[in-house]
Amino acid sequence: MITLLNISKTYTLKNESFQALNDVSLHIDEQEIIGIVGLSGAGKSTLVRCMNGLIKPTSGQVIIDGINIHDLKQEDLNRMRHDISMIFQHFNLVSNLTVFQNIKLALNIKNSPKNLRDQKVMEALDLVGLSDKKNRYPKELSGGEKQRVGIARAIVNQPKYLLCDEATSGLDQKTAYDIVSLLKEIHQKTKITIVFITHQIEIIKDLCNRVVVMDQGKIIEDRSTKDLFINPFSDITKSLIKQVIDEPTHLKDKHYLELIYHHEHVNDTILSQMIKTYDIDVNIHFAKTLTIGSQTIGYLYLEMIGNHKTKAIEYLRSNDIEVKEYA
Ligand code: ADP
């Protein structure tokens with residue numbers, strides 16, 4: 001378990017100071033996959049680096065499995081870090097070592113039993129699907145393959161926690177989703193706890209059940225992924241989600257409604273019932289579905305014309321449809 005209690009971090013540069021984290025508290029359960037999203041500069045990297053002791057908070061506690069890690073002596077912290085692995089946007093591979101050697105390095109550093117090291121490397125390579133590239137050097141790999149090596153290196157010591165810092169941000173969309181699938185597969189097999197930070201909310205939706213949104217060094221939402229997408233509270237979250245659903249810009253001068261609904265919960269005939277019951281004309285501009293794990297959320301953008309619009313909207317809301325009006 002990872003518990004952050006009232007974490008603040010102030011950076012001081014020359015005579016200027018900047019508060020990157022402002023009283024952040026967060027609890028992450030074992031085996032969870034949690035996403036931390038926010039715009040660039042929100043404090044995500046600082047927060048995740050506090051979790052493995054790379055950054056010491058100015059105040060507050062980072063408690064991992066009952067131990068306040070910032071109270072540990074450096075050698076004890078180093079030992080603890082073997083349980084808290086990390087992967088990075090730029091992979092951080094050693095360029096003059098092969099794939100095999102890069103992964104083995106993690107075992108050497110941990111001083112794991114020598115006779116088992118090669119076997120462990122091969123198992124990790126097998127897990128990330130790179131056994132056939134073990135003798136290549138990093139420059140001979142694609143971005144996605146480099147990240148697979150990064151993941152193999154991070155999990156070869158069988159850590160309890162995997163911190164992912166913008167791990168898919170440098171990759172094209174298809175490769176990013178491949179990496180997400182791989183992380184899900186690894187989670188299923190190993191039950192490793194994953195903390196995934198990114199500015200790409202679309203990546204989170206397929207990976208995490210829970211999402212934390214950060215802005216200006218604070219946590220502004222901490223919700224299930226599904227709830228976050230259906231009913232985002234903050235403007236930041238709304239704008240992050242809008243990027244994913246690709247809201248049509250041609251609606252911006254119109255008075256329109258946004259309907260958000262779960263496919264499973266909503267009776268297919270609700271819209272036609274509403275039209276008949278309340279004598280409403282509907283002009284549909286745009287529709288889109290978004291799959292979050294095993295659930296599908298629908299977004300429908302439309303104009304409604306009629307004298308009983310308010311009642312019609314109430315009817316939709318009473319049938320589990322979120323309705324937002326845009327003027
Ligand atoms: P994010 O990961 O959300 O982009 P960061 O945690 O990297 O955010 O940064 C949060 C804020 O702290 C940014 O404004 C950044 O410029 C500042 N910051 C990060 N690291 C340092 C540092 N070492 N020194 C000074 N300011 C920093």
Side-chain angles (χ1 to χ4, degrees), residues 2-28 32-64 69-70 74 77 81 84-92 143 147 150-151 154 161-171 173 176 179-180 183 193-205 207-208 210-223 225 228-229 232-244:
I2 301 179
T3 304
L4 307 180
L5 286 178
N6 309 106
I7 298 289
S8 291
K9 174 69 187 176
T10 302
Y11 292 111
T12 307
L13 282 176
K14 295 184 184 143
N15 289 329
E16 278 183 35
S17 60
F18 179 81
Q19 188 164 21
L21 294 175
N22 184 356
D23 197 22
V24 173
S25 294
L26 179 67
H27 180 80
I28 301 171
E32 244 194 294
I33 309 186
I34 183 171
I36 302 181
V37 291
L39 301 174
S40 180
K44 308 179 295 294
S45 288
T46 304
L47 189 71
V48 88
R49 280 170 167 72
C50 287
M51 290 180 199
N52 65 355
L54 278 178
I55 289 178
K56 195 171 167 51
T58 312
S59 59
Q61 297 182 346
V62 178
I63 300 164
I64 298 193
I69 64 163
H70 294 283
Q74 191 60 46
L77 178 60
R81 277 213 194 111
I84 317 166
S85 262
M86 194 157 179
I87 57 173
F88 306 86
Q89 178 175 359
H90 299 296
F91 323 119
N92 293 13
Q147 195 55 289
I151 293 170
Y161 305 100
L162 178 62
L163 311 179
C164 309
D165 187 358
E166 298 280 0
T168 55
S169 301
L171 305 173
Q173 203 179 30
I179 293 292
V180 164
L183 289 172
T193 306
I194 298 180
V195 182
F196 192 94
I197 74 164
T198 182
H199 64 281
Q200 302 167 298
I201 205 164
E202 72 272 21
I203 294 289
I204 293 281
K205 79 178 172 49
L207 181 66
C208 311
R210 177 180 164 208
V211 181
V212 166
V213 183
M214 290 190 70
D215 183 41
Q216 297 184 25
K218 281 181 174 285
I219 290 179
I220 55 169
E221 300 204 40
D222 181 352
R223 325 257 304 278
T225 312
L228 190 89
F229 273 86
F233 294 149
S234 70
D235 288 343
I236 293 280
T237 315
K238 283 179 196 161
S239 66
L240 289 166
I241 291 174
K242 284 277 147 74
Q243 290 167 17
V244 181

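Each ligand, and each atom within it, is numbered from 1 in the order the structure gives. No experiment lies behind these values; they were computed from the predicted model shown.
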**OP:** Indicate yes or no: at least one non-hydrogen side-chain atom of M86 is less than 4.5 angstrom from one of D165.
**Re:** yes
Original post:
Less than 4.0 Å between atom 15 (C) of ligand 1 and some protein heavy atom, yes or no?
Top reply: no
**OP:** Provide the number and element of each atom of ligand 1 under 4.0 Å from a heavy atom of S40.
**Re:** 4 (O)
**OP:** Before giving the answer on side chain to side chain contact (heavy atoms under 4.5 Å, CB included), spell out for N22 and Q216 the whole-Å C-alpha distance, their side-chain angles and the decisive distance to 0.1 Å.
**Re:** CA-CA 8 Å; N22 184 356; Q216 297 184 25; over 6 Å; no
**OP:** Between T10, T46, L21, T198, flag the one that comes closest to atom 5 (P) of ligand 1 by a heavy atom.
**Re:** T46
**OP:** Among all protein heavy atoms, pick out the one at the shortest distance from atom 27 (C) of ligand 1; state its residue, atom name and that distance to 0.1 Å.
**Re:** Y11 CD1, 3.2 Å
Subject >> For L39, atoms of ligand 1 separated by under 4.0 Å from a heavy atom >> reply: 3 (O)
Original post:
What are the two closest heavy atoms between I55 and H70, and how far apart are they?
Top reply: O-CE1, 3.1 Å
Subject >> Heavy atom of protein inside 4.0 Å of atom 20 (N) of ligand 1, strictly below >> reply: yes
**OP:** Starting from atom 8 (O) of ligand 1, find the nearest protein heavy-atom neighbour and note its residue, name and distance.
**Re:** G43 N, 3.1 Å
Original post:
Are S169 and Q89 linked by a side-chain donor-acceptor pair shorter than 3.5 Å?
Top reply: no
Original post:
Short N/O distance, under 3.5 Å, between A42 and ligand 1?
Top reply: yes
**OP:** Please report which non-hydrogen protein atom sits nearest to atom 11 (C) of ligand 1, along with the residue it belongs to and the distance in Å to one decimal place.
**Re:** F18 CE2, 3.5 Å
Original post:
Relative to ligand 1, is L13 under 4.0 angstrom through side chain, backbone, both or neither, heavy atoms considered?
Top reply: side chain
**OP:** Would you indicate whether H27, at its atom NE2, is surrounded by more than 12 heavy atoms from other residues, nucleotides or ligands within a distance under 6.0 Å?
**Re:** yes
Original post:
How close does the nearest protein non-hydrogen atom get to atom 1 (P) of ligand 1, and which residue and atom is it?
Top reply: G41 N, 3.4 Å
Original post:
Do I28 and L4 pass the side chain to side chain contact (heavy atoms under 4.5 Å, CB included) test, and can you show the C-alpha distance, the side-chain angles, and the key distance before you say yes or no?
Top reply: CA-CA 9 Å; I28 301 171; L4 307 180; 6.0 Å; no
**OP:** For the pair L183 and I33, evaluate side chain to side chain contact (heavy atoms under 4.5 Å, CB included) and give the outcome as yes or no after the intermediate values.
**Re:** CA-CA 10 Å; L183 289 172; I33 309 186; over 6 Å; no
**OP:** Specify the closest pair of heavy atoms between G217 and V24, including all atoms of both residues, with the distance to one decimal.
**Re:** O-CG2, 3.3 Å
Original post:
If hydrogens are left out, which of A20, S17, S45 has an atom nearest to atom 7 (O) of ligand 1, that is, the closest non-hydrogen atom?
Top reply: S45
